Amino acid sequence: MEPLSFTDFLHPRPTPTGIDVLCKLKHFAIITYAVDPERFSGLIPARFKLDTVVINDTEKAMISVVPFIDVDFTSAVFPFPNFTMGQTNYRIYIIDTETNERCVWFLGTTLDSWTLAVPRYLWNLPWYSGKVVFDCEYDECDQRYIRYKMQTDADWAPAQVELVQEANENLVLPGFPDTETGLIYLTHPLAGFYHRRDGKLGTYRVWHKQLAVSAATLKSANFGLLSRLGLVSLEEQQHAHSVLIEPINEFTIYLPPRIVNNKGITAD
């Protein structure tokens with residue numbers, strides 16, 4: 001992999017319009033696993049290819065679990081009530097061969113909110129209900145998590161994870177030529193694709209500043225979706241490629257999601 005620079009990936013925020021959303025993501029974590037690319041066979045349309053890395057002379061594909069709490073979830077354009085809800089995304093790192101853009105493929109999302117009805121039924125997103133509970137303690141003086149626990153009770157993707165941070169924990173990202181390249185790869189894909197619940201190919205985009213993540217340590221994990229699909233075994237889940245964490249950040253989400261067909265990207 002050639003080195004990447006944030007100067008080539010950072011750009012001003014596109015002006016929100018219509019129903020675009022602004023939200024802060026609290027207790028934001030990216031727990032990543034490096035696995036055999038063959039495990040993703042048949043999951044991703046031919047338009048995309050896995051964005052693999054080489055670790056210890058072996059090609060690996062990357063999949064991340066991303067838990068957080070949406071806080072101040074509201075319209076980016078109009079006065080609107082704010083919502084708070086727990087969420088976890090499951091995503092595989094890919095390249096769109098038509099644009100050569102680094103993106104993510106969403107297996108799906110669990111959401112702890114009655115507002116799930118909008119993405120699930122109006123836009124046919126692969127989003128599922130789950131009761132999400134965070135138990136976290138952040139030391140403002142040391143700028144680290146003393147405790148980070150998340151549990152999701154759900155039929156589709158039950159989950160439990162516990163993280164911790166040591167003071168001045170080193171950030172190590174195997175398979176990348178340097179730390180900046182690894183952070184761009186793991187934290188800065190702005191386009192996501194997925195199979196809608198009706199089988200069509202969907203997409204949406206986000207925008208955020210460079211994330212100020214730091215390294216954390218995985219104490220334990222049990223991600224039922226990864227085990228059930230045979231993507232990462234329970235034993236393998238205890239040994240993450242990397243764990244990145246940020247107490248809070250801000251995303252702009254451009255809505256509505258779009259449908260991708262032979263004529264390109266069209267409105268839903």
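The structure displayed is predicted, hence computed values, not measured ones. One-based numbering along the sequence shown.
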Exercise. Is there a side-chain contact between Gln143 and Tyr138 (heavy atoms, below 4.5 Å)?
Worked result: yes
Problem set entry | Contacts of Arg197 that satisfy side chain to side chain donor-acceptor pair (under 3.5 Å) - sequence neighbours left out | none
Problem set entry | Atom pair CG (Leu111) and OG (Ser129), whose distance is rounded to the nearest 0.5 Å | 8.0 Å
Exercise. Does one hydrophobic cluster hold both Leu10 and Leu211, with members joined at side-chain heavy-atom distances below 4.5 Å?
Worked result: yes
Exercise. Quick one: CZ on Arg196 to CD1 on Ile259, what's the gap to the nearest 0.5 Å?
Worked result: 4.0 Å
Exercise. Between Trp123 and Pro257, which heavy-atom pair has the shortest distance, and what is it?
Worked result: CD2-CD, 3.4 Å
Exercise. Is there a path from Val164 to Phe68 through hydrophobic residues (I, L, V, M, F, W, Y) whose side chains come within less than 4.5 Å of each other?
Worked result: no
Problem set entry | Residues Thr109 and Gln87: side-chain donor-acceptor under 3.5 angstrom | no
Exercise. Are any non-hydrogen side-chain atoms of Leu22 and Arg13 less than 4.5 angstrom apart?
Worked result: yes
For this session: For residues Leu201 and Pro45, report the shortest heavy-atom separation together with the two atoms involved.
Result: CD1-CG, 4.3 Å
For this session: Not counting sequence neighbours, which residues clear side chain to side chain donor-acceptor pair (under 3.5 Å) with Glu236? List them please.
Result: Arg39, Ser233
For this session: Look at atom CG of Asn100 and say whether more than 12 heavy atoms of other residues, nucleotides or ligands are closer to it than 6.0 Å.
Result: no
Exercise. Taking C-beta and beyond as the side chain, do Ser214 and Tyr145 meet within less than 4.5 Å on heavy atoms?
Worked result: no
For this session: Would you kindly confirm whether Leu231 and Phe48 end up in one hydrophobic cluster when ILVMFWY residues are joined by side chain heavy atoms under 4.5 Å apart?
Result: yes
Problem set entry | Smallest separation among heavy atoms of Ser242 and Leu186, with atom names | OG-CD1, 3.8 Å
Exercise. Around atom NZ of Lys60, are there more than 12 heavy atoms of other residues, nucleotides or ligands at under 6.0 Å?
Worked result: yes
Exercise. Near Asp8 CG, under 6.0 Å, is it more than 12 heavy atoms from other residues, nucleotides or ligands?
Worked result: yes
Problem set entry | Side-chain donor/acceptor of Asp142 to backbone N/O of Arg144, under 3.5 Å | no
Seminar exercise, completed: With sequence neighbours left out, the residues meeting ring-ring contact (aromatic ring centres under 6.0 Å, His included) with Tyr128 are Trp156
Exercise. Sub-3.5 Å donor-acceptor pair from the side chain of Gln165 to the main-chain atoms of Ala215, do we have one?
Worked result: yes
Exercise. In Å, rounded to the nearest 0.5 Å, how long is the span from CZ of Phe106 to CZ of Arg91?
Worked result: 6.0 Å
For this session: Taking all non-hydrogen atoms of both residues into account, name the closest pair between Cys23 and Ile253 and its distance.
Result: SG-CD1, 3.8 Å
For this session: Give me the one residue out of Arg47, Arg205, Lys49 that meets salt bridge (charged side-chain N to carboxylate O under 4.0 Å, His left out) with Glu101.
Result: Arg205
Seminar exercise, completed: Between Thr252 and Pro16, the two heavy atoms sitting closest are CG2-CG, 4.2 Å
For this session: Check whether any side-chain N or O of Gln238 sits under 3.5 Å from a backbone N or O of Ala221 as a donor-acceptor pair, and report yes or no.
Result: yes
Exercise. Could you go step by step and tell me if His11 and Leu190 meet the side-chain contact (heavy atoms from CB on, under 4.5 Å) rule?
Worked result: CA-CA 11 Å; His11 60 78; Leu190 300 180; 3.6 Å; yes
Problem set entry | Heavy-atom side-chain contact between His208 and Asn249 under 4.5 Å | no
Exercise. Going through the distances and angles, do His241 and Ile55 end up as a side-chain contact (heavy atoms from CB on, under 4.5 Å)?
Worked result: CA-CA 10 Å; His241 165 272; Ile55 302 174; 3.7 Å; yes
Problem set entry | Aromatic plane relationship, Phe28 with Phe251 - under 30° parallel, 30 to 60° tilted, over 60° perpendicular | tilted
For this session: With side-chain contact (heavy atoms from CB on, under 4.5 Å) as the test, would you mind laying out the steps for Ile44 and Phe193 before giving the verdict?
Result: CA-CA 9 Å; Ile44 300 169; Phe193 292 85; over 6 Å; no
For this session: Without swapping roles, check the side chain of Thr32 against the backbone of Ile63 for a donor-acceptor pair under 3.5 Å.
Result: no
For this session: Please list, chain by chain and in numerical order, all residues satisfying side-chain contact (heavy atoms from CB on, under 4.5 Å) with Ala159, sequence neighbours excluded.
Result: Tyr90, Met150, Thr152, Phe223
For this session: Show the numbers, then the answer: is there a side chain to side chain donor-acceptor pair (under 3.5 Å) between Gln237 and Ser227?
Result: CA-CA 9 Å; Gln237 289 174 32; Ser227 301; 2.8 Å; yes
Exercise. When clusters are formed by joining ILVMFWY residues with side-chain heavy atoms under 4.5 Å apart, either directly or through shared neighbours, do Phe6 and Leu173 land in the same one?
Worked result: yes
Problem set entry | Heavy-atom side-chain proximity of Val104 to Asn89 below 4.5 angstrom | no
Problem set entry | ring-ring contact (aromatic ring centres under 6.0 Å, His included) partners of Trp127, counting only residues at least two apart | none
Problem set entry | Any donor-acceptor pair under 3.5 Å from Ser64 side chain to Val66 backbone | no
Exercise. How many angstroms lie between atom NZ of Lys24 and atom CD1 of Ile248, to the nearest 0.5 angstrom?
Worked result: 6.5 Å
Exercise. Can you name the residues that form a ring-ring contact (aromatic ring centres under 6.0 Å, His included) with Tyr185, not counting sequence neighbours?
Worked result: Tyr93, Phe176
For this session: Please examine the side chains of Ile19 and Pro256, heavy atoms only from C-beta on, and report whether any two atoms are closer than 4.5 Å.
Result: yes
For this session: May I ask you to decide if Leu255's main-chain N or O and Asp20's side chain share a donor-acceptor pair within less than 3.5 Å?
Result: yes
Exercise. Is the backbone N or O of Ala212 less than 3.5 Å from a side-chain atom of Glu246, with the two atoms forming a donor-acceptor pair by type?
Worked result: yes
Exercise. Do the side chain of Tyr254 and the main chain of Pro14 share a donor and acceptor less than 3.5 angstrom apart?
Worked result: yes
Problem set entry | Interatomic distance, Glu250 atom CD to Leu25 atom CG [nearest 0.5 angstrom] | 9.0 Å
Problem set entry | Sub-4.5 Å side-chain heavy-atom contact between Thr187 and Leu244 | yes
Problem set entry | side chain to side chain contact (heavy atoms under 4.5 Å, CB included) partner of Leu4, chosen from Arg102, His188, Glu180 | Arg102
Exercise. Is the side chain of Asp112 donor-acceptor paired with the backbone N or O of Val132 at a distance under 3.5 Å, no angle test?
Worked result: yes
Problem set entry | Joint hydrophobic cluster, Val54 plus Leu50, side-chain heavy atoms closer than 4.5 Å | no
Exercise. Where do Lys200 and Asp198 come nearest, in terms of heavy atoms and distance?
Worked result: N-OD1, 3.1 Å
Exercise. Do Leu163 and Leu218 touch side chain to side chain, with heavy atoms closer than 4.5 Å?
Worked result: yes
Exercise. Where do His239 and Tyr33 land on the side-chain contact (heavy atoms from CB on, under 4.5 Å) test, with the steps shown first?
Worked result: CA-CA 8 Å; His239 307 283; Tyr33 297 98; over 6 Å; no
Exercise. Would you say Glu137 has more than 12 foreign heavy atoms packed within less than 6.0 Å of its CD?
Worked result: yes
